[in-house]
S.K.: 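This is the structure I have questions about; it appears just below.
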Amino acid sequence: MAIDFKIPEGILQTRQMVQYIAETTMRPFSRELDENEHQRPTAFVQAVWPILSAQQAQALARIERELESGGTTPVKEKTKERISTHYLSMMYLVEMLSWGDAGIYLCLPSAALGGFAIEAVGTPEQKLRFLRRFAEGEPSWGAMAMTEPNAGSDTSAIQTTAVFDEETQEWVLNGEKIFCTSGGLALNEGDGLVMVWATVDRNAGRSGMKLFVVEAGTPGVTVVKAEKKHGIRASDTVAISFNNARIPADNILGSPEVKEGKSGKGFKGAMATFDASRPLVAASALGIGRAAVEFVKEKLAEEGIEIPYGAPYHKLTAVQRDVMEMEAQLKAAHLLTLRSIAMLDEKISNPLEASMAKVKAGKAITWITQKAVELLGPLGYSREVLVEKWMRDGKINDIYEGTGQINTLIVARRILDYTRTELA
Amino acid sequence: MVSFTPTEDQQLLIETIRRFAENDVRPTAHEHDEASEPNPDALKVGWQMGLIPSALPEELGGFGEMSAVTGVLALEELAFGELATAMHLMTPALFAYPVTLFGTAEQRENLLPMFLEEDFAPATAALLEPGISFDPYSLKTTASPTEQGFVLNGIKAYVPLADSATHILVYARNTETGNQEAFIVSRDQVEIERREMLMGIRALPTYRLKLHDVTVAPDSRLGGAVGINYQLILDRSNVALAALAVGVARAAYEYAKEYAKQRVQFGKPIAQNQAIAFMLAEMAIEVDATRLMVWEAAWKLDQGEDASKDAYLTRQYANKMVLMVTDSGVQTLGGYGFIREYPAERWLRNGRGFPTFDGLAIV
């Protein structure tokens, strides 16, 4: 090994294709979809569905081959040897799509966050059964439902229950979930699914938390509200109520067993999804930040203001200093994200690095986009261009998948080697 | 292929320097800072690590590994030990590296062998100038071409180890072309006005130099008729300074973290308060982010890519980062942070200097 920042050629080529998708199916619709909240990004969905479904089909074919040959095959060993670039590819994909439009990006017709959980915890049979819908037919969406009105950062406080009905061999779900990204798309459009966190024992805390797959069309499952948001308005954020919703016994991911006194595999599984989702949220922030920095530099150049890299500090104007700081902040966030992503590909545990990237990217993009509005004056604040929208879109990255503060707390516990009781 | 793992050789180097820092530098750093004098024992051990020879050309007896990545890894560890000693130890590189990169065959053959000797090489460089308007692209020190060579005039600031140097690389603006060039000047041609009195890096003697009608031969111009790639020297310098800043910041961060876990108030370690813990988390994040920026810029240098913008932005970022982190270090220690027996305030004094350390390090 050696320190190396070379991005593989294949990823850069794909990135160019994604840029084309962003320029033709995202940017031209950014303003319209922002102004008309809850309208669907049809052009984007139609453009990417054939690509994504083909990729999902390939992944499922691999699982089928493995199942047929009895699990452990030489093929698997072979892929283990060389270092994967799976997450690195995703980072560049998410960055570029978010450069296009962060709200539209979230409407990717795919298993999304739900897919992470199924990949991480599901059996091969479950993967085939639940993921097939993302490989063929009409576009479908996956979603993840964790947050409840009284359980935000404190996910262990969830109150949604899952009770096993011995007679019918079904799980019965009751409760309310909020802030579910793409939940409306998953349940009401196409044949999607929502991964629902529920407790099988309210007194068991974390060890009672389990993950259930709820498919579209399940009776008792209702989208009760579509949120109106500050930014990422093209993204669908809903509240879902579960009223005696019955799902098959095999729709639980992981073991239904409750182990006393320790966090169950289910809760740990949820936390492990964050190791992947937080760097990708950071990657999304980077795309928005890059869009804002590029636009600001372009507009300043039109006014004859160039950025004199290398000049002594005392010769720089306040605006030039700000722009340089924006670029440096973006680079710092980019590299922390890249590190956490490289660790995922190398299969090295990365919760500290993932939270570091998330904290930095969330804070940096909030500052960068707010600064961009300021630097461009009346133009920056105007809805005729996208800068003000990027500021509103950017803010979500400092909030979802754990606020900046919760992720800072995680970083602090990790560096100090403290438990959550030692550092509350 | 993206990777954040140093080579095995680099890891060995890091461990060697870390041991040097812990055993030879840190125990007496305070004492030497108080006395404003270098630590000769540490410098002797440090010189024996052979950091500069490893970068020099093979045909002259070096190892030919002028890697910026290896360089920044070494500098971070050296500065983690103590900034003044790190800069002292690497001062000869301010002369040796530009000669290696841009010297004519004759200059290299004549000037580089002294860096392979057992004893510390008495060479340095003079870039920075006094006053608040220093501009590396418009030096006030001038070199006027004459029939006999060049005549140098000007004042240089913070020139490390100038009094004991035999050779000084002086950067000056060519009055004919307006370009910034480098000239090899011998110690007896310049006048030392005084030793600089600085807030930090006190164990490193630096000097104010005066060049008054100093005449040098035509072959004293580094690189001869071709000259130097001045921008590359600035780039390599910016990256090196940022690497040193990371080392200083890491020292302050690690000390503050350990202190906060030990120091009990209101019945529990102060690190168990979010106010302290969050400060430490931010320090950790910023040290790591800056290190990665340094690595990337150094990697670009090694790839032969244009790293000017990266090096510049990274240095600017590191200047701010090291101030924030060393200040937070003092703050974590509270009253003890202000007491000179504790190292935190020294790191803050050293950290504050980075925006003005132009030309004081190179990879």
Side-chain angles (χ1 to χ4, degrees), chain A residues 1-8 11 82-83 85 88 91 307-316 321 324-325 327-336 338-339 341-343 345-346 352-353 355-357 359-360 363-364 405 407-418 421-424, chain B residues 1-8 10 69 73 132-138 231 234-235 238 253 257 260-261 268-269 271-274 276-286 288-293 295-296 298-300 302-303 308-314 316-317 319-321 355 358:
Chain A
M1 289 304 249
I3 291 169
D4 194 347
F5 292 86
K6 179 115 187 104
I7 305 300
I11 291 181
R82 64 160 212 276
I83 286 178
T85 54
L88 188 62
M91 173 182 167
I307 309 303
Y309 304 102
Y313 203 60
H314 59 82
K315 284 202 169 169
L316 301 175
R321 288 179 183 184
M324 286 180 183
E325 181 70 13
E327 290 190 71
Q329 289 287 342
L330 191 62
K331 182 174 274 299
H334 172 86
L335 289 168
L336 286 173
L338 186 64
R339 178 177 66 169
I341 288 280
M343 292 174 80
D345 277 334
E346 290 176 48
L352 169 64
E353 292 78 6
S355 283
M356 279 183 158
V359 169
K360 182 66 189 177
K363 202 187 282 184
Q405 288 62 41
N407 277 290
T408 303
L409 185 60
I410 291 167
V411 171
R413 280 180 193 149
R414 295 253 167 200
I415 60 170
L416 289 161
D417 199 17
Y418 278 159
T421 45
E422 286 170 312
L423 183 60
Chain B
M1 189 62 222
V2 175
S3 166
F4 295 88
T5 312
T7 64
E8 275 180 35
Q10 287 167 341
V69 169
L73 294 172
I132 58 168
S133 59
F134 172 69
D135 181 350
Y137 296 101
S138 180
Q231 183 59 49
L234 294 180
D235 296 345
N238 282 335
Y253 157 67
K257 185 176 75 173
K261 289 185 77 172
K268 63 179 184 185
Q272 290 188 7
N273 300 302
Q274 286 193 355
I276 301 292
F278 276 33
M279 196 157 64
L280 292 167
E282 190 178 358
M283 292 159 82
I285 291 169
E286 291 301 324
D288 276 13
T290 315
R291 178 186 299 113
L292 297 178
M293 290 170 83
W295 285 8
E296 192 193 28
W299 177 81
K300 281 192 179 174
D302 285 348
Q303 300 297 305
S308 296
K309 182 179 159 185
D310 290 84
Y312 176 78
L313 289 179
T314 299
Q316 302 273 12
Y317 195 88
N319 288 345
K320 291 175 196 163
M321 179 281 296
D358 291 69

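The figures here come from the full heavy-atom set of this structure, side chains too, leaving out hydrogens, waters and symmetry mates. Letters A, B, ... mirror the listed sequences (proteins, then strands); counts begin at 1.
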S.K.: When you measure from the side chain of B/Tyr137 to the backbone of A/Pro312, do you find a donor-acceptor pair of N or O atoms at a distance under 3.5 Å?
M.R.: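 Between the backbone of A/Pro312 and the side chain of B/Tyr137 there is no qualifying donor-acceptor contact (under 3.5 Å).
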
S.K.: Measuring heavy-atom distances to chain A, does B/Ser308 have an atom under 4.5 Å in its side chain, in its backbone, in both, or in neither?
M.R.: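 Nothing of B/Ser308, per the 4.5 Å heavy-atom cut-off to chain A.
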
S.K.: Only pairs of heavy atoms separated by less than 4.5 Å count here; which of B/Leu280, B/Thr5, B/Thr7 has the most with chain A?
M.R.: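 Heavy-atom pair counts peak at B/Thr5.
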
S.K.: Using non-hydrogen atoms only, which part of A/Ala333 is less than 4.5 Å away from chain B: side chain, backbone, both, or neither?
M.R.: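 Neither part.
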
S.K.: So, does A/Arg321 use its side chain to make a donor-acceptor pair with the main chain of A/Tyr313 at under 3.5 Å?
M.R.: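 At least one qualifying donor-acceptor pair exists.
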
S.K.: Where does A/Ser355 contact chain B at under 4.5 Å (heavy atoms): side chain, backbone, both or neither?
M.R.: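 For A/Ser355, no heavy atom lies under 4.5 Å from chain B.
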
S.K.: I need the minimum non-hydrogen distance between A/Met324 and A/Pro308, along with the two atoms involved.
M.R.: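 In this case the closest contact between A/Met324 and A/Pro308 is CE-O, 3.5 Å.
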
S.K.: Pick whichever of B/Asp302, B/Asp235, B/Asp135 has the most heavy-atom pairs under 4.5 Å with chain A.
M.R.: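 Of B/Asp302, B/Asp235, B/Asp135, B/Asp135 has the most heavy-atom pairs under 4.5 Å with chain A.
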
S.K.: May I ask you to name which of A/Ala424, A/Ala357, A/Ala328, A/Ala412 has the most heavy-atom pairs under 4.5 Å with chain B?
M.R.: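 Of the candidates given, the most pairs with chain B belong to A/Ala328.
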
S.K.: Tell me, side chain or backbone of A/Ala342 under 4.5 Å from chain B's heavy atoms, or both, or neither?
M.R.: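 For A/Ala342, the contact with chain B is made by the side chain alone.
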
S.K.: Where is the tightest heavy-atom contact between B/Phe4 and B/Trp295, given as atom of each residue plus distance?
M.R.: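 In terms of heavy atoms, the two residues are closest at O-CZ3, 3.5 Å.
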
S.K.: What residue, out of A/Leu338, A/Val359, A/Ile11, has the most heavy-atom pairs lying under 4.5 Å from chain B?
M.R.: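 Winner by heavy-atom pair count: A/Leu338.
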
S.K.: With A/Lys331, which residues qualify under salt bridge (charged side-chain N to carboxylate O under 4.0 Å, His left out), at least two apart?
M.R.: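 By the salt bridge (charged side-chain N to carboxylate O under 4.0 Å, His left out) rule, A/Lys331 matches B/Glu296, B/Asp310.
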
S.K.: Between B/Glu286 and A/Lys360, does a side chain to side chain contact (heavy atoms under 4.5 Å, CB included) hold up when you go through it step by step?
M.R.: CA-CA 8 Å; B/Glu286 291 301 324; A/Lys360 182 66 189 177; 2.7 Å; yes

S.K.: Taking the side chain as every heavy atom from C-beta outward, state whether A/Leu336 and A/Arg339 have any pair of such atoms under 4.5 Å apart.
M.R.: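 Counting from C-beta outward, A/Leu336 and A/Arg339 do come under 4.5 Å.
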
S.K.: Heavy-atom distance under 4.5 Å between the side chains of B/Met1 and A/Thr85, does that happen here?
M.R.: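 Touching, per the 4.5 Å side-chain cut-off.
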
S.K.: Please determine, among B/Met293, B/Lys300, B/Gln274, the option with the most heavy-atom pairs under 4.5 Å with chain A.
M.R.: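 Of B/Met293, B/Lys300, B/Gln274, B/Met293 has the most heavy-atom pairs under 4.5 Å with chain A.
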
S.K.: Taking every heavy-atom pair that is under 4.5 Å apart, which of B/Asn273, B/Thr314, B/Leu292 has the most such pairs with chain A?
M.R.: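 Sorted descending by pairs with chain A, the first entry is B/Leu292.
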
S.K.: Tell me, side chain or backbone of B/Asn319 under 4.5 Å from chain A's heavy atoms, or both, or neither?
M.R.: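 The answer is neither part of B/Asn319.
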
S.K.: Heavy-atom distances under 4.5 Å only: say whether A/Phe5 touches chain B with side chain, backbone, both or neither.
M.R.: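 A/Phe5 touches chain B through backbone and side-chain heavy atoms alike.
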
S.K.: Counting heavy-atom pairs under 4.5 Å with chain A, which one of B/Tyr317, B/Trp299, B/Phe278 comes out on top?
M.R.: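 The residue among B/Tyr317, B/Trp299, B/Phe278 with the greatest pair count is B/Trp299.
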
S.K.: Quick one: of B/Ile132, B/Ile276, B/Leu73, B/Asn238, who has the most non-hydrogen atom pairs under 4.5 Å with chain A?
M.R.: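 The answer is B/Ile132.
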
S.K.: Excluding sequence neighbours, so at least two apart, what forms salt bridge (charged side-chain N to carboxylate O under 4.0 Å, His left out) with B/Lys320?
M.R.: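 If we apply the salt bridge (charged side-chain N to carboxylate O under 4.0 Å, His left out) test to B/Lys320, skipping adjacent residues, the hits are A/Glu325.
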
S.K.: Is it the side chain or the backbone of B/Val69 that comes within 4.5 Å of chain A heavy atoms, both, or neither?
M.R.: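 It is the side chain, since no backbone atom gets that close.
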
S.K.: Considering non-hydrogen atoms only, spot the tightest contact between B/Ala277 and A/Leu423 and give its length.
M.R.: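 Closest heavy-atom pair between B/Ala277 and A/Leu423: CB-CD2, 3.6 Å.
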
S.K.: So which part of B/Pro269 gets closer than 4.5 Å to some heavy atom of chain A, the side chain, the backbone, both or neither?
M.R.: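 Side chain of B/Pro269 only, per the 4.5 Å heavy-atom cut-off to chain A.
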
S.K.: Counting heavy-atom pairs closer than 4.5 Å to chain B, which one of A/Leu88, A/Val411, A/Ile3 comes out on top?
M.R.: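 That would be A/Ile3.
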
S.K.: Given heavy-atom pairs under 4.5 angstrom as the criterion, report whether the side chain, backbone, both or neither of A/Leu409 touches chain B.
M.R.: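 A/Leu409 touches chain B through backbone and side-chain heavy atoms alike.
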
S.K.: For A/Leu416, is there any backbone N or O sitting under 3.5 Å from a side-chain donor or acceptor partner on B/Lys261?
M.R.: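 Flag set: sc B/Lys261 to bb A/Leu416 pair under 3.5 Å.
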
S.K.: Could you look at B/Gln316 and say if it's the side chain, the backbone, both or neither that has a heavy atom under 4.5 Å from chain A?
M.R.: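 When you check distances to chain A, only side chain atoms of B/Gln316 fall under 4.5 Å.
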
S.K.: Check each atom of B/Glu282 against the heavy atoms of chain A and say whether the ones under 4.5 Å are side chain, backbone, both or neither.
M.R.: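 For B/Glu282, the side chain is the part near chain A, not the backbone.
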
S.K.: Would you call A/His334 and A/Met91 a side-chain contact if the rule is heavy atoms closer than 4.5 Å?
M.R.: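 The answer is yes; the side chains approach within 4.5 Å.
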
